[in-house]
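A quick note: this is a predicted structure, and the numbers were derived from the prediction, not measured. Lettering of chains follows the sequences in order, A, B, ..., and the numbering in each one begins at 1.
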2 protein chains.
Amino acid sequence: MKQNNPSTEQGSDRREIRMLSEYKHPYVTVDLLLFSVIDGQLAINLTVRDEEPFKDMYALPGSFIRENESAEGAVERLLSDKLELSGQIYTEQLMTFSDVNRDPRERVISIAYIGIIPDKAMVNVPWMKWFTIQSSNVGSYKLCQVDGDESFICTCLGFDHDKMLEIAIDRLRGKIDYTDIIFKFLKDSKQFTAGTLREIYQSVTGQEINRGNFTKYQMNTYMEHGLIKKTGSISIGRGRPADTYSYIGGDRLWIKY
Amino acid sequence: MKQNNPSTEQGSDRREIRMLSEYKHPYVTVDLLLFSVIDGQLAINLTVRDEEPFKDMYALPGSFIRENESAEGAVERLLSDKLELSGQIYTEQLMTFSDVNRDPRERVISIAYIGIIPDKAMVNVPWMKWFTIQSSNVGSYKLCQVDGDESFICTCLGFDHDKMLEIAIDRLRGKIDYTDIIFKFLKDSKQFTAGTLREIYQSVTGQEINRGNFTKYQMNTYMEHGLIKKTGSISIGRGRPADTYSYIGGDRLWIKY
DNA sequence: CCAAAAGTGTTAAAAGTACACCCATGG
DNA sequence: CCATGGGTGTACTTTTAACACTTTTGG
C-alpha cells in the first residue's frame, strides 16, 4: 500500500544509494565530434580502432570521466591529451547515449560533445584522421578521408558513433542560423570577409546561398546583433577588395527575431 | 615521446578501463521535468525533499539508472513507479549535468529528461505537487503551487534543478514552433479545436498570438505537414461551433519551411 | 580592356501582422 | 436579439529570393 507521507517516499533516495552501491556502476565517458571545414566541406576528425570491438573501424575519440572532473573537464583533457590541442576550443554538449549494449565490453554511458576548430592542421597527431562529410540521403553520410594515399571511403563507424554523427550534423545545421557557431570555424575571427563566412555557411548546410543576399542580409543581421563589426579595411585578391569584419560577440546566443 | 603507431595509442582504451576499475565510478541518475498546462499556464511537477541535502526544498523527481536499463528505461520506470503514470508518456532528453559537486553526498551525474502530460490529474500521488511557472525576468522564474491551501511560492529548487528548469523551458519554447510537442499537451488529441491549441501555445511561450491568424496559418501549417486533419465535425460551446481537428502525425518532426 | 570578385539595387513572391467583418449558438 | 466565441477576408508590412548592375582590382 502506498504511503501518504512524502517523507517515507523520499527516504528511498538514500536507500537507493545504499542499495545500488552493491550494483556495478556504469562507466561514463565523453566522446568528441570535432568538426572543421576543409576545402569547402564539413569534416570530422576520427581515429582508427586497433582492437576489438570494432577493430580496424573508425570511431570518435573519447575518454573516461575521472572522479574529480566534470564532463566538460574530461572533454578539455581529451582535447589536450589525445588531440594535443591547446588553447580555447569551442565545445558544446550534444546528448547522452546510454543503450545498455552500446559497448559490448562493459556497460558504458557516453556524453557526446561537439567541438569546432578553424583549421584541420591544428590537429597534429598521427592517430587522428580527417574525413569530409558528403550527405547523400537523409540521415546517411559518406565519409572521405582527407590526405589519404588513396581516397578511402568510410561508411560505418564503431559503436553508436554513426548515430552521434548524424545527430551532430543536424544540430550544426539547425543552429547555424540563430547562433554564433559559424564564427568558430573562422581561421582569423578578427579579420574575415563575407565570402569566407559564406563558404563556411554553405559547407555546413550543404546548400548554396546567393552571394549578394548573404552579404547584404546575413552580414547585416550579425551586425545588428552586435556579433561582428566592419573593420573598414579591405583585403586583397583578384577582383574588387572585400570589406573585412571582426567578430566581437563573446559567446552570446541570439535568437532570430 | 609520442609513438607514431596509432595501435599503441588506441591500446589505451583498454588500459584505461582496467585502470579506472579501481576508481569509484559515478552514480548516474535521470531527473524528470514533467510539464503540463494548468489553467492557461505552463506548470511543472515537483516533489519536496524530506532530508538533507536541500531538506524541505522542492526538487525534480529522479531515479538511479540500473545496470540493465538505458536512461530512457530509467525514465519509464520513474514514471510508472514514482509518479504512477501508466501508458505512453512523451519524453525527450534535455541534457546531462555532471558538475563534480552538484550532489554534496556523492558524485552523481544526472541525465535530465523533459516529459509532457495533458492533464495534471494524471499524477495522482501525494508526494508530487504542481507548480505554475511565471516567467519574470530572463532566466528567472517564480513557481506558484497549484491546489495549495495558501499560495505557496517557491523560487529556488534543490541541487542544480533551477538550471535544469530554465534550460527546459527555453527548449520547450524553442521547439514549439517547429516540432509537434504542442500536441502532447492535448487532453484529447483526436478531437480538439484551434482555440484549445492556441491556449497551449500561449501558455508555453508566455506571449499572446492573434486568434484569427493562429487559426488560419498555424492550423494550416500543421495540416500541410500532415500532422493534423479536420474531422469536419463541430463542437459545442457558447458561441459559434468550432472546427475540430485530429492529431495524426506519429512523432515525426517537421522543420519549418 | 577584360575577366574576376565583391558591393549595391530592383523587383516579385512569400510570410507575418493587425484588424475588421460575418456566422452560429446559448441565454 | 444580443453577447460570445469562432471562421474568414483584407490591407499592410516585413522577409526571402532571384537576379541585374556597378565598382575595383590583376593580368
Undergrad: What's the closest nucleotide to the A:Asn213 side chain, out of C:dA6, D:dG7, D:dC19?
TA: D:dC19

Undergrad: Taking atom types as they are modelled, would you say the side chain of B:Arg238 forms a donor-acceptor pair with the base of D:dG6 within the 3.5 Å cutoff?
TA: no

Undergrad: Using whole Å, what does the distance between atom C1' of nucleotide C:dA5 and atom CG of A:Leu197 come to?
TA: 17 Å

Undergrad: Measure the spacing between CG of A:Leu94 and CD1 of A:Ile167 and express it to the nearest 0.5 Å.
TA: 6.0 Å

Undergrad: Measure CD/B:Glu224 against P/C:dA14 and give the value in whole Å, please.
TA: 12 Å

Undergrad: How close or far is atom P of D:dT23 from atom CG of A:Asp243, stated in whole angstroms?
TA: 15 Å

Undergrad: Short question: side chain of A:Thr47, backbone of A:Trp127 - any donor-acceptor pair under 3.5 Å?
TA: yes

Undergrad: Between A:Phe214 (CZ) and C:dG9 (C1'), how many Å, whole number?
TA: 19 Å

Undergrad: To the nearest 0.5 Å, tell me how far A:Thr215 OG1 sits from A:Asp243 CG.
TA: 9.0 Å

Undergrad: Among the nucleotides D:dG6, C:dG7, D:dT16, which one has an atom lying closest to any side-chain atom of B:Arg211?
TA: D:dG6

Undergrad: Side chain of A:Pro241, heavy atoms from C-beta onward: which of C:dA24, D:dT25, C:dG7 has the nearest atom to it?
TA: D:dT25

Undergrad: Between C1' on C:dG7 and CG on A:Asn210, what's the gap in Å once rounded to a whole number?
TA: 13 Å

Undergrad: Please compare B:Ala194 and A:Gly212 by the position of their nearest nucleotide in DNA chain D and report the one closer to 5'.
TA: B:Ala194

Undergrad: Do B:Arg198 and D:dG6 have a side chain to base donor-acceptor pair shorter than 3.5 Å?
TA: no

Undergrad: Would you call the rings of A:Phe192 and A:Phe183 parallel, tilted or perpendicular, taking 30° and 60° as the class edges?
TA: tilted

Undergrad: Rounding to an integer number of Å, can you tell me how far A:Glu199 CD sits from C:dA6 C1'?
TA: 15 Å

Undergrad: If you find the nucleotide of DNA chain D closest to B:Gly195 and the one closest to B:Tyr217, which residue's nucleotide is nearer the 5' end?
TA: B:Gly195

Undergrad: Check for a donor-acceptor pair, side chain of B:Gln41 on one end and backbone N or O of B:Gln134 on the other, with a separation under 3.5 Å.
TA: no

Undergrad: Just the rounded figure in Å: distance from C1' of D:dT24 to CZ of A:Arg240.
TA: 6 Å

Undergrad: Closest to the A:Thr215 side chain: C:dT8, D:dT23, D:dG7?
TA: C:dT8

Undergrad: How close or far is atom C1' of C:dA18 from atom CD of B:Gln218, stated in whole angstroms?
TA: 16 Å

Undergrad: Decide yes or no, distance alone: a donor-acceptor N/O pair under 3.5 angstrom between the base of C:dG9 and the side-chain of A:Lys216.
TA: yes

